[in-house]
Amino acid sequence: DCAMGTADTWQELEPPNGVLPGRSYHTAVWTGSEMIVWGGDYLAGEVYGYFNDGARYNPATNSWTPMSSNGAPSARSKHTVVWTGTEMIVWGGQFWDGQFSGDAHDYFNDGARYNPANDTWTPISTVGAPEGREVHAAVWTGTEMIVWGGNNWDGETHYLGDGGRYNPASDSWTTVSATDAPSGRYNHTAVWTGTEMIVWGGFGDRNGRFFFHNDGGRYDPATDRWTSVPTTDAPMGRDTHTAVWTGSEMIVWGGRIPLQSE
């Protein structure tokens, strides 16, 4: 279970016993009245397991409601979700064969939209979607979901520097320009400013060596153009950090930084 803060205090959440098993690398969104948790994985000994279920938590009643799995995306973790105002969109992620064998990875380029009002799922088109990936980033613009970056593996790791825009009204994808985009990376962050997506940080490679980025870019979907983010006075390069948009600034905090020898 977990806890929440109200008026500088913590209150324990009702555990989702019998509703939602414990997990990691899942996702969560806030609808305005409920938190929706979905997907993720667990490790039992040396075997991974994956979930394609979820639940909705209502803080007003401190209670959980299970979600339908009928029509839900296949089990996965390290995917992304966005909240549109009426639906949660799940996209991407990965599934392993459950053994430390180093093969049989699946990277998804599919997903679905979940409507909590009627507890139903609607699949989303894969026509024109970016290639399958994990630990990418996603934002909601008000009309589109933008996904960018991430990685996949086929015997070697591919650091992805591309993305796509999904429009649920037309169930269609538009490619995000790669011109002047940040270099490929994963475990980065992205925020939506109201007019632009800002990508920052993450892990990739530079000249064949592992690299923690302290750079990024601003993407304007109206013009399909990127503008670089300055690195002067930026934090040290890092990944698995967090970022939020205040209305006028992006704040980044924490994360993993390189060792002195890296």
Side-chain angles (χ1 to χ4, degrees), residues 24-29 77-82 91-94 107 109 130-141 144-154 156-166 175-262:
S24 61
Y25 293 114
H26 52 288
T27 48
V29 294
S77 67
K78 300 179 183 178
H79 51 285
T80 51
V81 296
V82 297
W91 189 83
Q94 64 91 26
Y107 296 93
N109 77 334
E131 66 179 296
R133 63 194 65 202
E134 64 172 352
V135 287
H136 49 288
V139 298
W140 176 249
T141 71
E144 294 180 317
M145 173 182 70
I146 306 177
V147 298
W148 190 86
N151 80 281
N152 56 35
W153 184 88
D154 61 2
E156 63 177 296
T157 301
H158 299 276
Y159 304 95
L160 303 175
D162 62 355
R165 291 154 39 195
Y166 173 71
T175 301
V176 168
S177 172
T179 303
D180 298 323
S183 57
R185 62 193 66 194
Y186 68 88
N187 281 334
H188 52 292
T189 50
V191 298
W192 177 249
T193 70
T195 56
E196 295 178 316
M197 174 181 70
I198 305 178
V199 170
W200 189 84
F203 185 79
D205 82 5
R206 179 170 288 181
N207 299 322
R209 295 190 61 191
F210 297 143
F211 190 78
F212 292 83
H213 293 279
N214 79 330
D215 62 353
R218 292 160 28 210
Y219 174 71
D220 182 348
T223 60
D224 192 30
R225 291 181 178 175
W226 287 91
T227 303
S228 62
V229 170
T231 57
T232 303
D233 297 325
M236 178 185 295
R238 64 194 66 198
D239 73 357
T240 59
H241 52 288
T242 54
V244 296
W245 179 251
T246 69
S248 58
E249 294 179 317
M250 176 181 70
I251 302 176
V252 299
W253 193 86
R256 179 179 65 160
I257 62 175
L259 300 174
Q260 292 298 316
S261 60
E262 292 183 310

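Nothing here was measured: the structure is a model prediction, and the numbers come from that model.
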>> Among residues at least two apart in sequence or on other chains, which ones pass ring pair (Phe, Tyr, Trp, His ring centres under 6.0 Å) with H241?
In response: W200
> Sequence neighbours excluded, which residues qualify as side chain to side chain donor-acceptor pair (under 3.5 Å) partners of N152?
Replying inline: E131
> Between atom CG of N151 and atom CG of N187, what is the distance when rounded to the nearest 0.5 Å?
Replying inline: 8.0 Å
>> The criterion is side-chain contact (heavy atoms from CB on, under 4.5 Å); which residues satisfy it with A190, sequence neighbours excluded?
In response: A137, V139, M197, V199
> Minimum heavy-atom separation for W245 to T193, with atom names?
Replying inline: NE1-O, 3.4 Å
> What pairs of residues pass the salt bridge (Lys or Arg N to Asp or Glu O under 4.0 Å) test when at least one of them lies in residues 178-197, not counting sequence neighbours?
Replying inline: R185-D215, E196-R218
> Taking only residues two or more places apart in sequence, or in another chain, which ones meet D233 in a side chain to side chain donor-acceptor pair (under 3.5 Å)?
Replying inline: none
> What pairs with R238 under salt bridge (Lys or Arg N to Asp or Glu O under 4.0 Å), at least two apart in sequence or on another chain?
Replying inline: none
>> Test side-chain contact (heavy atoms from CB on, under 4.5 Å) on H136 and W91; report intermediate values, then the result.
In response: CA-CA 10 Å; H136 49 288; W91 189 83; 3.5 Å; yes
> Going through the checks in order, is the side-chain contact (heavy atoms from CB on, under 4.5 Å) test met by M236 and F212?
Replying inline: CA-CA 8 Å; M236 178 185 295; F212 292 83; over 6 Å; no
> Looking at G217 and P182, what are the two nearest heavy atoms and their distance?
Replying inline: N-CG, 3.6 Å
>> If the condition is side-chain contact (heavy atoms from CB on, under 4.5 Å), which residues does E156 pass it with, not counting sequence neighbours?
In response: D154, H158
>> Closer than 3.5 angstrom, by distance alone: can the side chain of R133 be matched with the main-chain N or O of G149 as a donor-acceptor pair?
In response: yes
> Roughly how far apart are Y107 OH and L160 CG, rounded to 0.5 Å?
Replying inline: 10.0 Å
>> Would you call the rings of Y159 and Y186 parallel, tilted or perpendicular, taking 30° and 60° as the class edges?
In response: parallel
>> Testing the basics here: between M250 and A243, what is the closest heavy-atom pair and its distance to 0.1 Å?
In response: CG-CB, 4.3 Å
>> Which label fits W148 and H188: parallel for a plane angle under 30°, tilted from 30 to 60°, or perpendicular past 60°?
In response: perpendicular
>> Working to the nearest 0.5 angstrom, can you tell me the gap between W140 CH2 and I146 CD1?
In response: 10.0 Å
> Residues two or more places apart in sequence or in another chain: which of them pass side chain to side chain donor-acceptor pair (under 3.5 Å) with T242?
Replying inline: none
> Rounded to the nearest 0.5 Å, how far does CH2 of W226 lie from CG of D220?
Replying inline: 11.0 Å
>> List the residues meeting side-chain contact (heavy atoms from CB on, under 4.5 Å) with S248, not counting sequence neighbours, and say none if there are none.
In response: T246
> Please walk me through it: do S77 and Q94 pass side-chain contact (heavy atoms from CB on, under 4.5 Å)?
Replying inline: CA-CA 6 Å; S77 67; Q94 64 91 26; 3.1 Å; yes
> When rounded to the nearest 0.5 angstrom, what distance separates CG in N214 from CG in D239?
Replying inline: 13.0 Å
> In chain order, what residues pass the salt bridge (Lys or Arg N to Asp or Glu O under 4.0 Å) check against R206, with sequence neighbours excluded?
Replying inline: none
> Under the side-chain contact (heavy atoms from CB on, under 4.5 Å) test, which residues partner T179, sequence neighbours left out?
Replying inline: S177
>> Taking side chain to side chain donor-acceptor pair (under 3.5 Å) as the definition, give me every residue that meets it alongside H79, ordered by chain and number, with sequence neighbours left out.
In response: T27
>> Show the nearest heavy-atom pair for residues G184 and H213, with the distance to one decimal.
In response: O-NE2, 4.0 Å
>> Would you compute the distance between atom CZ of F210 and atom CZ of F203 and round it to the nearest 0.5 angstrom?
In response: 5.0 Å
> Which atom names give the shortest non-hydrogen contact between G163 and P130, and what distance separates them?
Replying inline: C-CG, 3.7 Å
